[in-house]
Amino acid sequence: MKNFALTGLAGYIAPRHLKAIRDTGNRLVAAVDPHDSVGIIDSYFPDAAFFTEIERFDRHISKLRRRDSDENVDYMSICTPNHLHDAHIRLALRVGANAVCEKPLVLNPWNLDLLQDIEEESECSINTILQLRVHPALLELRDQIRSQDDTRHSVRLTYITSRGKWYYYSWKGDTAKSGGIATNIGIHFFDLLMWLFGDIEKKEVHISEEERMSGFLALENADVEWYLSLEEEDLPEQTPEGQTTYRSITVDGDEIEFSGGFDDLHTKVYEKTLEGDGFGIEDARPSIELVHNLRNAKVVSPGESFHPFTKGYSLSESVV
């Protein structure tokens, strides 16, 4: 049994990590969050120590290590806002724990090099959660694509997840903290597309706004038209009433169906990580580099390949 600590206990994604820790037969010994609405922990690890100050959490973890306690932390799960991931990964390694960090590992690609140096100097590892890579339907699709040799595919990614006003007042609405829409909601899918179809050969940004982005990617084996939005008005007419999210990835006109099977994906990633086969810095690097480049790219007029939702937009309507 391994001991875990967790940062960001009150956040949206923390319950998936709590479940993964429990379901892999391990335990949580300490957690931290500046907010104290963390009753969810009673369903998993009611005896875990809890702190609202990162400094006291740091001191507690360090004490456990120095006392050679049976609660000495082996892994630290990081579920905090994006801009804190780098610092909390460093904290994990400093106290002798392996890091298991939500996406993105960092906001800027050059920070990966510094983390890599620290990882090499330590006896611990830095791991991230790339759960779509363990989805059974997507693994099957990847095998199918690889069997088609030089076939070039036409791909369309549409992800619309409407958000209320709260979003823009939270850290998620602050590009300096979240990395913006391409990072905060798009990085999962950009990682998936490169994992399926290869490295980037060309990229264009056609819309770049706080609430929506779109563009074109030429990958090794695919041409990709993509569109991301937080706006309810962008939901297609056929979206069922009351549904606030629309997600679609088509390959050569055929929809990739992977709506189900999400419940245990974090647990599967934890299993791989505990076996020493987790996703590390180099796995995360391509998507982090891509989203950084996209949010800093100049908006250009669409060429022959563009997402149909982009139609009607002009350069003047997009903010770089």
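Remember, it's a predicted structure, so these values are computed and weren't measured experimentally.
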Is there a side-chain contact between T239 and T244 in this structure, where contact means two heavy atoms from C-beta onward sitting under 4.5 Å apart?
no
Validation row: L219, V155 side chains within 4.5 angstrom (heavy atoms):
no
Can you confirm whether L130 sits close enough to D283 that some side-chain heavy atom of one is under 4.5 Å from a side-chain heavy atom of the other?
yes
Membership question, hydrophobic clusters at under 4.5 Å side-chain separation (ILVMFWY): are L157 and L138 in the same one?
yes
When rounded to the nearest 0.5 angstrom, what is the spacing between CG in N72 and CG in L64?
6.5 Å
Are the side chains of D33 and T7 in touch, meaning some heavy atoms are under 4.5 Å apart?
no
Does E123 have more than 12 heavy atoms from other residues, nucleotides or ligands lying within 6.0 Å of its CD?
no
Indicate yes or no: at least one non-hydrogen side-chain atom of F306 is less than 4.5 angstrom from one of F216.
no
Which distance, rounded to the nearest 0.5 Å, do you find between the CD1 of I256 and the CD of E140?
11.5 Å
Do R295 and T175 meet the criterion of a side-chain donor-acceptor pair at a distance under 3.5 Å?
no
Can a side-chain donor-acceptor contact be found between Q131 and H188 if the only test is distance below 3.5 angstrom?
no
Test item: I181 and E210 side chains (from C-beta on) under 4.5 Å apart, heavy atoms:
no
Please list, chain by chain and in numerical order, all residues satisfying ring-ring contact (aromatic ring centres under 6.0 Å, His included) with W110, sequence neighbours excluded.
H292
Determine, step by step, whether W226 and Y159 satisfy the ring-ring contact (aromatic ring centres under 6.0 Å, His included) criterion, reporting the C-alpha distance in whole Å, the side-chain angles of both residues, the deciding distance to 0.1 Å, and the verdict.
CA-CA 8 Å; W226 58 273; Y159 185 46; over 10 Å; no
Is any side-chain N of the basic residue among K19 and D264 closer than 4.0 Å to the acidic one's carboxylate O?
yes
In the single-linkage hydrophobic clustering (I, L, V, M, F, W, Y; side-chain heavy atoms under 4.5 Å), do V224 and W195 co-cluster?
yes
Indicate whether the side chain of D174 and that of Y169 have a donor and an acceptor atom separated by less than 3.5 Å.
no
If you draw a 6.0 Å radius around CD in E220, do more than 12 non-hydrogen atoms from other residues or ligands fall strictly inside?
yes
Should we count CZ of R152 as having more than 12 external heavy atoms under 6.0 Å?
yes
Working to the nearest 0.5 angstrom, can you tell me the gap between L91 CG and D86 CG?
11.5 Å
Tightest non-hydrogen contact, residues P104 and I288, listed as CB-CG1, 4.3 Å
How about N98 and D74: does a side-chain donor come under 3.5 Å of a side-chain acceptor?
no
Establish, yes or no, whether the cationic atom of R133 lies under 6.0 Å from the six-membered ring centre of F279 and within 45° of the ring axis.
yes
I'd like to check the ring-ring contact (aromatic ring centres under 6.0 Å, His included) partners of H88; sequence neighbours left out, ordered by chain and number.
none
Using the side-chain hydrogen bond (donor to acceptor under 3.5 Å, both in side chains) criterion, which residues pair with Y270? Sequence neighbours excluded.
H17, S77
How many angstroms lie between NZ in K103 and OG1 in T183, if you round to the nearest 0.5 Å?
12.5 Å
Distance-only donor-acceptor check, side chains S154 and D252, under 3.5 Å:
no
Specify the closest pair of heavy atoms between I126 and E119, including all atoms of both residues, with the distance to one decimal.
N-OE2, 2.7 Å
For the pair F309 and Y227, name the ring-plane relationship: parallel under 30°, tilted 30 to 60°, perpendicular over 60°.
perpendicular
Quick one: do E233 and R212 make a salt bridge, cutoff under 4.0 Å?
yes
Do E102 and T128 have side-chain N/O donor and acceptor atoms under 3.5 Å apart?
no
Are any of the side-chain heavy atoms of V32 and L9 separated by less than 4.5 Å?
no
Minimum heavy-atom separation for A182 to L228, with atom names?
CA-CD1, 4.0 Å
Would you be so kind as to tabulate the donor-acceptor pairs closer than 3.5 Å made by side chains of residues 34-59, with sequence neighbours excluded?
| residue | atom | partner | partner atom | Å |
| --- | --- | --- | --- | --- |
| D58 | OD1 | S62 | OG | 3.3 |
| D58 | OD2 | R94 | NH2 | 2.7 |

Kindly give the heavy-atom pair with the smallest separation between N3 and R27, and that separation in Å.
OD1-NE, 2.6 Å
CZ of R156 to OG1 of T250, rounded to nearest 0.5 Å, is 6.0 Å
Could you tell me if the side chain of R90 sits less than 4.5 Å from the side chain of L115, heavy atoms only?
yes
Apart from I13 itself, what residues make up its hydrophobic cluster when side-chain heavy atoms of I, L, V, M, F, W and Y under 4.5 Å apart count as a link, directly or indirectly?
Y12
Note: T267 and A20 closest approach over all heavy atoms is OG1-CA, 3.5 Å
Distance-minimising heavy-atom pair for E71 and V29:
O-CG2, 3.7 Å
Listed pairs under 3.5 Å, donor-acceptor, residues 196-204 side chains, sequence neighbours left out:
| residue | atom | partner | partner atom | Å |
| --- | --- | --- | --- | --- |
| K202 | NZ | E204 | OE2 | 3.4 |
| E204 | OE1 | H206 | NE2 | 2.8 |

Distance check, rounded to the nearest 0.5 Å: T158 atom OG1 versus F189 atom CZ?
10.5 Å
Determine whether the side chains of S178 and H83 contain a donor N or O and an acceptor N or O closer than 3.5 Å.
no
Salt-bridge contact R285-E282 (side-chain N to carboxylate O under 4.0 Å):
yes
For atom CD of E231, decide whether the heavy atoms of other residues, nucleotides or ligands shown that lie under 6.0 angstrom number more than 12.
yes
